[in-house]
2 protein chains.
Amino acid sequence: MDNLNITRDKRTANWLDCLRSSGYRLTEPRQAVIDILANSQRALNATEIFDLARENYPSLGLVSVYRTLEKLEELELIQKVHHPDGCQSFIAGFTGHQHLLICQVCGQAEFFEGDDLTPLIEHVSRESGFTIEEHWLQFFGLCAKCK
Amino acid sequence: MDNLNITRDKRTANWLDCLRSSGYRLTEPRQAVIDILANSQRALNATEIFDLARENYPSLGLVSVYRTLEKLEELELIQKVHHPDGCQSFIAGFTGHQHLLICQVCGQAEFFEGDDLTPLIEHVSRESGFTIEEHWLQFFGLCAKCK
DNA sequence: CTCGTAATGAAAACGGTTATCATTATCAAT
DNA sequence: ATTGATAATGATAACCGTTTTCATTACGAG
Ligand SMILES: [Mn+2]
Ligand SMILES: [Mn+2]
Ligand SMILES: [Zn+2]
Ligand SMILES: [Zn+2]
């Protein structure tokens, strides 16, 4: 629990550092957005972030949420999540190549790695004549709580 | 070439049959949309279909494109394609479990199968406590023509 | 503290999609 | 073929999430 809070604060601090060292100012609206997004277990869209952040910082404007999301995505601190009912939500991203596992009920998301698609990619590549440069892989299911 | 046209006509005819046997009427606007989509090598959005279909059927309304897409998706004749710059395009779907390979330059799409994600799914499942029920897999690259 | 300017929130504009509605066209029943 | 019920259409307006505009605020280097 304590441990979790330390983790949270570290991520928030890291994001703020990252903004500062990229020449951006550390403003209250940005911190309000980051506080929400850096600690969310699931992907959130602009309106959800807006509503949650305003609980602690009621003067926040929706436009600042959009502008902050733009910056965080540009700095690769968050990434867009595609979902059957909406492709405009964001989640804190790790570094490197990872994929998402999403709960269809509560939306809780986890990253996983360990996919070795190399043989499949080579096979499809040969078969199709394509040079394959990127892949999207995403799992959907029920988290431990929801099943 | 001839062979290709026969394939095209068959798919179009099949879609029309499918509409009819589902109780829908066979109208000219619907046929205009189907003519485009049933023969496209790449995913198209509503506006693209509208522009292409109006070349042969100029009185077509954009709203009819949206309504036809709705029906075709419901009948599982087409499927939505998610893409880094837009998630509102559609492509003719095959039956069964297949994945897309998309050219990043011209958009040409091919389906592939043969992915065996079972070991990975089991591993991630054990690790996370999730029950995994669905997966999305999509490859991006350069087609033979574009590389 | 001062000052240049990045960042903000309110409001308006924008653009893709959906809803409304009077008119038309399909097709089953004559 | 003709009819008639109504599904489907296209024009128009409404909708809603996102972006742009702009006067004001507040960050932070000096
Ligand atoms: Mn991977
Ligand atoms: Mn698969
Ligand atoms: Zn859940
Ligand atoms: Zn190509």
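In what follows, chains carry the letters A, B, and so on, assigned in the order in which the sequence lines appear, proteins first and then strands, with residues in each chain numbered from 1. A quick note: this is a predicted structure, and the numbers were derived from the prediction, not measured.
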B:Lys147 side-chain N/O to B:Gly141 backbone N/O, donor-acceptor pair under 3.5 Å: no

Side-chain donor or acceptor of B:Asn14 paired with backbone N/O of B:Lys10 under 3.5 Å: no

A:His82-B:Trp136 aromatic ring centre distance below 6.0 Å: no

Whole-Å gap separating P (C:dG16) and NZ (B:Lys80): 16 Å

Rounded distance in Å - OH (B:Tyr57) to P (D:dA8): 14 Å

Distance, rounded to the nearest Å, where B:Leu19 contributes CG and C:dC27 contributes C1': 15 Å

Rounded distance (Å) that lies between atom P of C:dG16 and atom CZ of B:Phe90: 15 Å

Exam field: side chain B:Asn45 to backbone B:Thr47, donor-acceptor pair closer than 3.5 Å: yes

Nucleotide C:dT8, atom C1' - distance to CD of A:Gln31 in whole Å: 14 Å

Where protein sits on nucleotides 18-30 of chain D, one letter per nucleotide: B base, S sugar-phosphate only, - none, heavy atoms under 4.0 Å: SBBB----BBS--

Between C:dA7 (P) and A:Leu60 (CG): distance, integer Å: 15 Å

Same cluster (ILVMFWY, side-chain, under 4.5 Å), B:Leu120 and A:Leu142: no

Interatomic distance, B:Leu72 CG vs D:dA8 P [rounded to whole Å]: 13 Å

Aromatic plane relationship, A:His83 with A:Phe140 - under 30° parallel, 30 to 60° tilted, over 60° perpendicular: perpendicular

